[in-house]
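Shown next, in structure tokens, is the structure this report addresses.
Numbers restart at 1 for each chain; the letters A, B, ... are given by sequence-line order, proteins then strands. Basis for what follows: all heavy atoms, side chains included, without hydrogens, waters or symmetry-related copies.
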Amino acid sequence: MVSLRPAPKLPPTSTSPRLSLPKAPAGTVYRGHEGMWSWVLHRITGVGIFFFLLVHIMDTALVRVSPQAYDGVIAEYKNPIMGLGELALVAAIVFHAFNGLRIILIDFWSFGTKHQRGMFWAVIIAWLVVMAGFAPRQLITILEEFPR
Amino acid sequence: MTLTVPAPAATDVRVKRRPPEGFSTITLLIRRFDPETDAEPYWRDYDVDVLPTDRILDALHTIKWEQDGSLTFRRSCAHGICGSDAMRINGRNRLACKTLVKDLDTTKPIYVEALKGLPLEKDLVVDMEPFFEAYRQVQPFLQAGTTPQNGRERLQSAEDRERFDDTTKCILCAACTTSCPVFWTDGQYFGPAAIVNAHRFIFDSRDDAAQVRLDILNDREGVWRCRTTFNCTEACPRGIQITKAISEVKAATMRSREKVKIA
């Protein structure tokens, strides 16, 4: 477009910036939609579950070394921090499981790519339903077992 | 006879200046980079008077022509066909020539930056060579093993043409490939655009080299790198259902292309 307007007078180079310019020279975060954020969550929960399984296999393997050591480790787990950790673990696994089904449907159901957004919200709703059942029960257990 | 020269206004024009009738002033934050002077990119702000129906490309032109001639960006047809001016506008890949000012929130600055994942050359210009290299690798041209009868065209039914119609729309602007999180971190991945253009020939009934392309894309850095984030589908300025096309290519590597179900 050729502008027919007269050139605007250049503003004098201001000494004080009018607005704070972003510092990130690497650029802004890409603003993806449900698909991208579900993938990010899937990655984070996946890596988290992997580290849990790593620790879980090691502590279970202790029973082969000595049952006393195993009991000691399990007793060590019985504190409110680990209780909240279990809550986070279940939250991660439930999301990862439901979203995994969504990804399978995207890959193998010919209408999967068309309905991916709806399926994402279905995953979130299913996650909320399961967590609504589990979270209060777990929190009550934590509070009962570890009274202040 | 004496001429009275009006004294130049000494006031700050930025405060007093009003845009012409119908125009409004918007602020663009542009991520600038000059490899000869800058160690790393930086952000710079520009005020531009625009009409609501102006495009971001018009605003960039106004800056380049009236405020700062050093601003560098690609554009050619300026009508969404050549695919030159794909860039990241407010965090999403779009064509500057198809993004209207009225469709953006102009109460806040508009962020304009180069495509992500390709080497930055200057301002909004990236090196497109890795993108075109991946495109060339999928052999995006007709390879027919037969000779058409009586020296005429290879005929095709309307249904057969419809099968790959969506992927013929690609303008190679790289908006999809550079919206892909896998491509950002793994430059070896073919990327959505190359797979879209492979799809266009894999599902063409006149082409006989589908298996060659499927073997290329069945590679470690091929279709299986796709993590179905749908960024490409949402970024495509031509509305191509890219993730669906990639899924169909995935399915075609496992079954024959005739057996891939069409949604």
- Check the pair A:F108 / B:K250 against side chain to side chain contact (heavy atoms under 4.5 Å, CB included), numbers first and verdict last. CA-CA 9 Å; A:F108 288 100; B:K250 282 177 182 170; over 6 Å; no
- Message: Can you confirm whether B:K244 sits close enough to A:F111 that some side-chain heavy atom of one is under 4.5 Å from a side-chain heavy atom of the other?
- Response: no
- Just checking, any donor-acceptor pair under 3.5 angstrom between side chains of A:T28 and B:E113? yes
- Item | Contact class of A:S38 relative to chain B, heavy atoms under 4.5 angstrom | neither
- Item | Side chain B:R92, main chain A:R31, donor-acceptor under 3.5 Å | yes
- Pick from B:T233, B:L29, B:N231, B:L57: which one has the most heavy-atom pairs with chain A under 4.5 Å? B:N231
- Message: I need the A:M36 CE to B:C180 SG distance, nearest 0.5 Å.
- Response: 10.5 Å
- Item | Pair listing, side-chain hydrogen bond (donor to acceptor under 3.5 Å, both in side chains) test, anchored in residues 129-145 of chain A, at least two apart | A:E86-A:Q138
- Message: For a side chain to side chain contact (heavy atoms under 4.5 Å, CB included) check, start with the C-alpha distance between A:Q116 and B:T228, then their side-chain angles and the critical distance, and finish with the verdict.
- Response: CA-CA 9 Å; A:Q116 59 98 6; B:T228 60; over 6 Å; no
- Is the closest side-chain heavy-atom distance between A:R43 and B:R227 below 4.5 Å? yes
- Crowded around A:L53 CG? As in, over 12 foreign heavy atoms under 6.0 Å? yes
- Using non-hydrogen atoms only, which part of B:R75 is less than 4.5 Å away from chain A: side chain, backbone, both, or neither? neither
- Task: For the residue pair B:F230 and A:I106, establish whether any side-chain heavy-atom pair is separated by less than 4.5 Å.
- Result: yes
- Under 3.5 Å donor-acceptor, A:Y30 side chain and B:K116 backbone: no
- Item | Enclosure of B:K169 NZ (heavy-atom neighbours >12, cutoff 6.0 Å) | yes
- Query: Between the main-chain N or O of A:G32 and the side-chain N or O of B:E234, is there a donor-acceptor pair closer than 3.5 Å?
  - Reply: no
